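None of the values given here were measured: they were computed from a predicted structure. Note on naming: letters A, B, ... go to the chains in the order of the sequence lines (proteins, then strands), and numbering restarts at 1 for each one.
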Amino acid sequence: MPPTPHPAPTPALPTVPIAVRRFDLAATLDSGQVFHWRRFDDGFIGLIDRTPVFLKQVDPTRLLVTPGTETAVAHYLALDHDLEAITATFPQNDPSLARAVAYAPGLRLIRQPAWECLATFITSSLKQVAHISQISHALRQQFGQPVTWDGPTLHTYPEPAALAAAGARLLQECRLGYRARYLADTADMIASGSLNLSFLNDPTVSDHDALAHLQRAPGVGPKVAACVLLFAGERLGFFPIDVWIERTLKELYFKQETHVPTEKLAAFARQHFGPYRGYAQQFLFHYARTSAATPHKRRP
DNA sequence: TCACAGGGGTAGT
DNA sequence: ACTACCCCTGTG
């Protein structure tokens with residue numbers, strides 16, 4: 001480490017170690033499932049719901065976390081997911097998928113708070129990851145609540161009532177564009193009780209019904225709904241198809257064909273990748289976006 | 001410096 | 001199927 005010139009060195013935050021296996025913090029937080037974690041002192045800071053947390057992975061088997069947050073962190077990061085068992089269900093004759101898994105074997109699908117996840121993905125349409133993150137932070141700053149702790153002040157994701165009260169006009173100031181109306185209207189549905197997100201994690205509600213419920217919300221179509229069911233509902237059989245995955249699937253599995261409809265890709269994903277295809281999607285997506293060998297576009 | 005295209009889709013036709 | 005939608009960011 002060269003001596004830091006003027007700005008004061010970031011004060012080290014207190015941590016306790018927890019043991020991890022097959023876990024990659026950076027890949028997990030930077031694989032497009034969550035957008036509010038910020039780099040801090042070779043680690044990340046952010047909120048798990050309302051709990052401020054500093055996370056830092058020092059080696060493949062050790063994760064440093066803010067004291068007292070161990071249980072919340074383990075649950076949020078889904079450290080209990082058995083990745084060996086999950087990847088064992090993947091097709092064994094698929095070198096492309098194997099390459100994507102080998103690229104970031106410790107990538108995990110985390111358990112996000114439902115509303116925060118839904119709202120964030122409503123704002124994600126036709127946006128680049130950097131911009132989604134920017135919008136997310138702006139909304140927190142403007143309409144969330146500050147949380148003070150040892151580290152830099154963080155802001156909670158605003159409650160549905162706060163965004164509903166703000167209204168589309170005010171939300172617009174966070175550069176949401178046409179998404180402001182969707183977000184305000186969905187926030188209103190939830191604040192008024194006309195939509196209750198508790199079905200997301202309710203095992204008695206089928207995937208089919210959960211998808212239908214979610215799509216009642218304005219700004220929520222098949223792609224956003226699949227993301228929420230996967231990232232907040234822990235329904236690992238959902239397979240969101242965005243432009244990246246669409247390109248990837250066409251390139252890898254439909255090279256010869258032109259004009260492959262999305263429905264055909266979805267059907268292929270269902271039968272080819274198996275019950276944990278949500279994980280397969282995440283591995284393929286992360287590989288396509290961050291490895292140098294992306295198919296068409298080459299912009300990380 | 002400043003157009004200009006193109007973004008992790010959705011809803012209305 | 002086909003478009004409009006808001007507007008930021010990256011490129012030339």
Exercise for review: Provide the distance between the two P atoms, one in B:dT13 and one in C:dC6, to the nearest whole Å.
Suggested key: 15 Å

Exercise for review: Could you give the distance separating C:dA1 and B:dG8 at their P atoms, to the nearest angstrom?
Suggested key: 25 Å

Practice item. Could you tell me whether the side chain of A:Tyr182 has a donor or acceptor atom within less than 3.5 Å of a complementary atom in the base of B:dG9? Key: no

Review point. With sugar-phosphate meaning primed atoms plus P, OP1 and OP2, does A:Ala217 contact a base, only sugar-phosphate, or nothing at under 4.0 Å between heavy atoms?
Key: sugar-phosphate

Review point. For the side chain of A:Gln281, counting heavy atoms from C-beta on, which of B:dG8, C:dC8, C:dC7 is nearest?
Key: B:dG8

Point to revise | Residue whose nearest DNA chain C nucleotide is more 5′ - A:Ala130 or A:Tyr178 | key: A:Tyr178

Check your understanding: Which nucleotide, C:dC6, B:dG9, B:dG8, lies nearest any side-chain atom of A:Val224?
Key -> B:dG9

Review point. To the side chain of A:Ser125, which of B:dG9, C:dC6, B:dG8 is closest?
Key: B:dG9

Check your understanding: For residues A:Gln145 and A:Arg50, is any side-chain donor paired with an opposing acceptor at under 3.5 Å?
Key -> yes

Exercise for review: Answer yes or no: is there a side-chain heavy-atom contact under 4.5 Å between A:Thr61 and A:Phe23?
Suggested key: no

**Study point:** Exercise: do A:His286 and A:Gln281 side chains pair donor with acceptor under 3.5 Å
**Key:** no

Revision key, fill the gap. The residue, A:Arg175 or A:Leu126, whose nearest nucleotide of DNA chain C is more 5′ is A:Leu126

